[in-house]
Amino acid sequence: MVLFNAATKELTAKIVYYGPGLCGKTTNLQHIYDSLPQDGRGKMLSLATQTDRTLFFDFLPLDMGMVKGFKVRFHLYTVPGQVFYDASRKLILRGCDGVIFVADSQRPRLEANIESIANLATNLKDNGYDIRSIPYVLQLNKRDMPTAASLSEMEELLRFRNEPVIEAVASKGIGVIETLKACARQILMELQRS
Ligand SMILES: Nc1nc2c(ncn2[C@@H]2O[C@H](COP(=O)(O)OP(=O)(O)OP(=O)(O)O)[C@@H](O)[C@H]2O)c(=O)[nH]1
Ligand SMILES: [Mg+2]
């Protein structure tokens with residue numbers, strides 16, 4: 001649900017990075033944060049364990065400039081990927097306008113990706129959304145790993161609608177901005193329709 005403020009002509013949309021533990025969600029946000037000009041960028045908020053696993057969420061506010069006379073802002077969130085933080089994941093999805101699914105390309109993690117998409121579908125449904133119609137992007141991360149599955153195999157396993165698929169190496173910043181743009185584009189298109 002995009003938040004409109006007609007008085008101040010501001011529009012805020014929420015994008016959630018979802019995916020299994022250690023797939024690279026926080027790394028995506030960190031790269032975006034690092035690419036922003038130092039003056040004027042907002043603060044990135046991370047609630048992590050001592051071993052850098054996301055405990056509750058990461059949050060990064062992004063100013064996107066003016067679109068059709070509106071000041072557009074994106075709020076980026078990551079969920080904690082570890083299986084037992086499901087209640088947090090469900091809560092973080094509340095009020096989201098788009099989801100970026102970060103898949104881990106490593107072969108031993110393929111099953112974890114499938115489980116995480118199933119978990120996303122359930123949690124979206126419980127929040128009143130449909131995974132088949134919400135703005136959605138599939139990022140195939142960790143393409144640099146020696147055990148990475150092929151693009152076609154991953155698409156066959158994980159792609160369930162006509163969603164954009166972006167190959168990434170988030171730790172090197174490859175594909176990160178492209179992924180965000182693909183999601184932003186869908187949200188803005190949806191807005192124009194409504
Ligand atoms: N080789 C490689 N390593 C990556 C890539 N992306 C992230 N990593 C590494 O993978 C590890 C986990 O990354 P995070 O971003 O913390 O993973 P996460 O999805 O936020 O994990 P949770 O918070 O536990 O859900 C870190 O050591 C990253 O540096 C990538 O594309 N290639
Ligand atoms: Mg994290």
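Only this structure's heavy atoms are used, side chains among them; waters, hydrogens and symmetry mates stay out. Just follow the structure's listing: the first ligand is 1, and inside any ligand the first atom is 1. Keep in mind it's a predicted model, so treat the numbers as computed, not measured. In this chain, numbering begins with 1 at the start of the sequence shown.
Considering backbone and side-chain atoms together, A170 places an N or O closer than 3.5 Å to an N or O of ligand 1. For ligand 1, the polar-atom distance check against M145 finds no nitrogen or oxygen pair separated by under 3.5 Å. In terms of polar-atom proximity, A168 is not counted as a contact of ligand 1, lacking any N or O under 3.5 Å from an N or O of the ligand. Geometrically, ligand 1 and G81 share a nitrogen or oxygen pair separated by less than 3.5 Å. The shortest N or O to N or O distance between Q82 and ligand 1 is not below 3.5 Å. Geometrically, ligand 1 and P80 share no nitrogen or oxygen pair separated by less than 3.5 Å.
Among the backbone and side-chain atoms of T54, an N/O/S atom is found under 2.8 Å from the Mg ion (ligand 2). Distance check for T27 against the Mg ion (ligand 2): none of its N/O/S atoms falls below 2.8 Å.
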Evaluate salt bridge (Lys or Arg N to Asp or Glu O under 4.0 Å) for K71 paired with D63, printing each intermediate quantity in order. CA-CA 8 Å; K71 190 171 159 60; D63 258 324; 3.7 Å; yes
Kindly indicate, with the supporting measurements, whether the criterion side-chain hydrogen bond (donor to acceptor under 3.5 Å, both in side chains) is fulfilled by N141 and D104. CA-CA 5 Å; N141 192 32; D104 190 328; over 6 Å; no
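The closest approach between a heavy atom of G19 and any atom of ligand 1 is not below 4.0 Å.
Close approach of ligand 1 to G21 is summarised as follows: ligand atoms under 4.0 Å from at least one heavy atom of the residue are 25 (O).
Contacts between A48 and ligand 1 below 4.0 angstrom, taking non-hydrogen atoms only, are absent altogether. Residue contacts with ligand 1 for R143 are absent, since no atom lies close enough (heavy atoms, distance under 4.0 Å). Within the 4.0 Å heavy-atom criterion, the part of D144 lying near ligand 1 is the side chain and not the backbone.
The protein non-hydrogen atom at the shortest distance from atom 24 (O) of ligand 1 is R53 NE, 2.7 Å. Taking atom 14 (P) of ligand 1 as the reference point, the nearest protein heavy-atom neighbour is T27 OG1, 3.5 Å. Scanning the protein for heavy atoms near atom 3 (N) of ligand 1, the closest one is S171 OG, 3.7 Å. Atom 21 (O) of ligand 1 has L22 N, 3.0 Å as its closest protein atom, hydrogens excluded (heavy atom only). The protein non-hydrogen atom at the shortest distance from atom 6 (N) of ligand 1 is N141 ND2, 3.2 Å. Ranking the protein heavy atoms by distance from atom 19 (O) of ligand 1 puts K25 NZ, 2.7 Å first. Closest protein heavy atom to atom 10 (O) of ligand 1: K142 NZ, 3.2 Å.
Between P164 and the choices I100, T179, L138, V137, the side-chain contact (heavy atoms from CB on, under 4.5 Å) rule is met once, by V137.
Note: the hydrophobic cluster containing L158 also contains I134 (ILVMFWY, side chain heavy atoms under 4.5 Å, direct or indirect links). Following chains of ILVMFWY side-chain contacts shorter than 4.5 Å, one cannot reach V169 starting from I177, and the two form parts of different hydrophobic clusters.
Note that atom 27 (O) of ligand 1 has no protein non-hydrogen atoms nearby, at separations under 4.0 angstrom.
For Y17 and D58, the side-chain atoms include no donor-acceptor pair closer than 3.5 Å.
Relative to the six-membered ring of F70, K9 meets both conditions, a distance below 6.0 Å and an angle of at most 45° to the axis.
For R132 (side chain) and F160 (main-chain N/O), no donor-acceptor pair under 3.5 Å exists by modelled atom type.
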